[in-house]
Amino acid sequence: MNDNKTSKKDLFNGIDFLDLDTLLSDEQKMVRQAVRDFVKKEISPNIEKWAQEAYFPENIVIKMGQQGLFGPQLSTTYGGGGLDYTSYGLMMQELERGDSGMRSTASVQGSLVMYPIEKFGTEVQKQKYLPKLASGEWLGCFGLTEPDHGSNPSGMQSKFSDRGDHLLLNGSKMWISNAPKADLAIVWAKDESGRIHGLIVERGVEGFTTPETHNKWSLRASCTGELVFDNVKVPKENLLPGKSGLGAPLTCLDSARFGIAWGAIGAAMDCYHTTLTYAKQRQQFGKPIAAFQLTQKKLSEMLTEITKAQLLAWRLGKLMDEGKANTPQISMAKRNNVAMALQVARECRQILGGMGITGEFPIMRHMMNLESVITYEGTHDIHLLILGQAITGIPSFS
Ligand code: TGC
Ligand code: FAD
């Protein structure tokens, strides 16, 4: 083994301690490189400023669309990328090396907006919306969470009734990524019998507003808001007919949670690389802090955890491609990899000392972002309980 070669490769390309690249196809590596280059050019030079200013750069949406970041795993018929799930994961990893908020934009658009339209929508809906969403001409959002129903979406109160020539929608959603800028929302609401359905609600319709959520310390370069429906008339043809019940939104979440399991590795990689470089340069007591055993312990443990997370994500990608992955497996990967990334970010912040809290380095931004990532798409504990149910056969949610 050539140590110099390994460390150089690590620094510029990514962490690959177990030579996992040999498990990837040339196409997968090419796709990864393309997003890595995109992030270096379009995101990394600006992200600290965007995050400090709590600014969502709307023009990044069209650029992401051009880069194929929206629905890379979906069918090419309507503008998706036609790629495998591992490629999708690698793309999310590279994007989140840049910023979790940027990855959120892609996760929501691809897995939570385009995915339900492609899987549950009519041919007319697919043709009308998917090409515009894939290209980034339109931005979408996904409304499941409500003020009083987060971890338990089955209790949602948003509802609609059949008024002959239209559906009348009332209710509200909270914590919705992209909401303030979105052109359309996929909204989950109950019909008169209490059954959950997905509706496509376009911006501009009377009674529909999207107030922005301010004062976030996390995902500051991503915009978050509410969806408020006050007697909104939704055309009947905007109902997603292909699947109803809570299983419909949860199916979308499986796809998005898979992307997060990969994305979190990217955030951890960026923290690790930044810290390794810093620790080799920063001198205390007459030597680089990388020379201290306690720093080496932290770095060694981080590398080990990142490598384990990579293996988990890679195996899950294979299962997804074979159509064999199940929800508890996805929960294990999302839960483990996000917690791993958050722990790495916290350790890295310590190694950088005071500098770790500044915007000169990406660590604190990643760390704060990951506090949202560990909460959204099912909290750390909800995923633990999904695993608990799979192990014991006994649901413990209620
Ligand atoms: P439960 O009784 O277990 O299930 C209800 C029905 O759904 C089926 N099901 C699934 N179907 C497909 N995929 C899955 N992952 C599924 N999980 C369950 C289930 O078989 C059942 O079907 P049926 O036919 O028998 O009716 O439901 P429950 O009410 O007990 O809840 C289970 C629980 C707690 C696991 C679930 O509610 C949950 O996952 N809660 C977490 C909520 C969550 O993740 N919210 C995310 C909101 S979106 C978001 O955060 C986006 S952030 C985006 C970004 O910025 O990146
Ligand atoms: P709660 O459900 O109130 O949970 C609070 C605490 O109680 C958690 O620690 C939880 O684990 C614990 N808890 C709850 N139930 C149990 C139980 N049965 N057993 C043990 N512990 C339990 N939602 C969307 O629909 N679309 C979006 O685009 C979206 N984007 C988001 C963006 C951001 C920045 C954030 C922060 C959230 C976003 N969410 C979105 C909402 C997110 O999915 C919810 O915050 C999450 O599901 C948790 O719901 P909650 O915040 O209401 O917490």
Side-chain angles (χ1 to χ4, degrees), residues 54 56 92 95-96 99-113 115-116 119-120 139-156 158 172-182 185-189 194-196 198 210 212-227 243-261 263-264 325-331 334-335 338 368-390 393-398:
F56 174 65
M92 296 304 110
L95 200 49
E96 198 151 351
D99 187 70
S100 302
M102 295 291 113
R103 197 269 307 134
S104 269
T105 302
S107 290
V108 170
Q109 183 92 334
S111 284
L112 299 182
V113 178
Y115 182 94
K119 299 294 172 197
F120 315 138
L139 181 67
C141 67
F142 175 91
L144 181 65
T145 306
E146 299 190 349
D148 293 329
H149 298 92
S151 297
N152 63 333
S154 63
M156 69 173 64
S158 293
S172 67
K173 300 287 174 179
M174 193 180 176
W175 291 119
I176 308 304
S177 299
N178 299 350
K181 308 287 180 194
I186 301 293
V187 180
W188 300 96
R195 184 93 182 148
I196 294 171
T210 59
E212 185 159 358
T213 302
H214 295 288
N215 295 328
K216 290 182 300 170
W217 285 116
S218 178
L219 294 186
R220 288 173 61 79
S222 156
C223 61
T224 314
E226 295 168 49
L227 303 174
K243 191 169 166 91
S244 63
L246 187 60
L250 291 180
T251 303
C252 309
L253 288 174
D254 277 352
S255 171
R257 289 165 176 173
F258 168 80
I260 293 173
N326 61 36
T327 297
Q329 289 166 342
I330 295 170
S331 283
K334 191 267 184 186
R335 180 176 187 275
V338 176
M368 293 195 301
N369 283 343
L370 288 162
E371 291 290 349
S372 284
V373 181
I374 205 164
T375 292
Y376 68 33
E377 305 248 9
T379 67
H380 191 63
D381 285 343
I382 287 297
H383 288 296
L384 182 88
L385 299 178
I386 291 173
L387 281 168
Q389 179 175 359
I394 309 166
S396 68
F397 305 109
S398 50

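Ligands are counted one by one from 1 in listed order, and the atoms in each one are counted from 1 as well.
Taking any N or O of Leu144, backbone or side chain, none lies under 3.5 Å from an N or O belonging to ligand 1. Considering backbone and side-chain N/O atoms, Ser151 comes within less than 3.5 Å of an N/O atom of ligand 1.
Closest protein heavy atom to atom 23 (N) of ligand 2: Thr145 OG1, 2.7 Å. Closest to atom 50 (P) of ligand 2 among all protein heavy atoms lies Gly150 CA, 4.0 Å. Annotation: atom 45 (O) of ligand 2 to nearest protein heavy atom, Thr375 CG2, 3.8 Å. Of the protein's non-hydrogen atoms, Leu246 CD2, 3.7 Å is the one closest to atom 27 (O) of ligand 1. From the protein, the heavy atom lying nearest to atom 19 (N) of ligand 2 is Leu385 CD1, 3.3 Å. Looking only at heavy atoms of the protein, atom 26 (N) of ligand 2 is closest to Phe142 O, 2.8 Å.
For ligand 2, the atoms lying closer than 4.0 Å to a non-hydrogen atom of Leu144 are 25 (O). Near Glu377, the atoms of ligand 2 lying under 4.0 angstrom from a non-hydrogen atom of the residue are 43 (O). Here is the list of ligand 2 atoms found below 4.0 Å of a heavy atom in Phe397: 18 (N). The ligand atoms of ligand 2 that sit less than 4.0 angstrom from a heavy atom of Tyr376 are 31 (C), 32 (C), 33 (C), 37 (C), 38 (C), 42 (C), 43 (O). Numbered from 1 in the order shown, with element, the atoms of ligand 1 that lie under 4.0 Å from a heavy atom of Ser177 read 54 (C), 55 (O). The atoms of ligand 1 that sit less than 4.0 Å from any heavy atom of Phe142 are 48 (S). Residue contact check: Asp381 has heavy atoms under 4.0 Å from atoms 11 (O) of ligand 2. Close contacts of ligand 2 with Thr379, meaning ligand atoms under 4.0 Å from a residue heavy atom, involve 10 (C), 11 (O), 48 (C). Close contacts of ligand 1 with Arg103, meaning ligand atoms under 4.0 Å from a residue heavy atom, involve 56 (O). Within the listing of ligand 2, atoms 34 (C) sit less than 4.0 angstrom from a heavy atom of Leu219.
Not a single heavy atom of Gln389 sits closer than 4.0 Å to an atom of ligand 1. For the ligand labelled ligand 1, residue Asp254 lies inside the 4.0 Å heavy-atom shell. Within the structure, ligand 1 has Gly150 among the residues with a heavy atom less than 4.0 angstrom away.
Within the 3.5 Å criterion, the main-chain N or O of Ser154 finds no donor-acceptor partner in the side chain of Asn152.
Contacts with ligand 2 closer than 4.0 Å are made by no heavy atom of Asn152, backbone or side chain.
Note that atom 29 (O) of ligand 1 has protein non-hydrogen atoms nearby, at separations under 4.0 angstrom. Contact annotation for atom 37 (O) of ligand 1: protein present (non-hydrogen atoms, distance under 4.0 Å).
Nearest-heavy-atom check against atom 13 (N) of ligand 2 across Ser372, Ser151, Gly143, Ala185 picks out Ser151.
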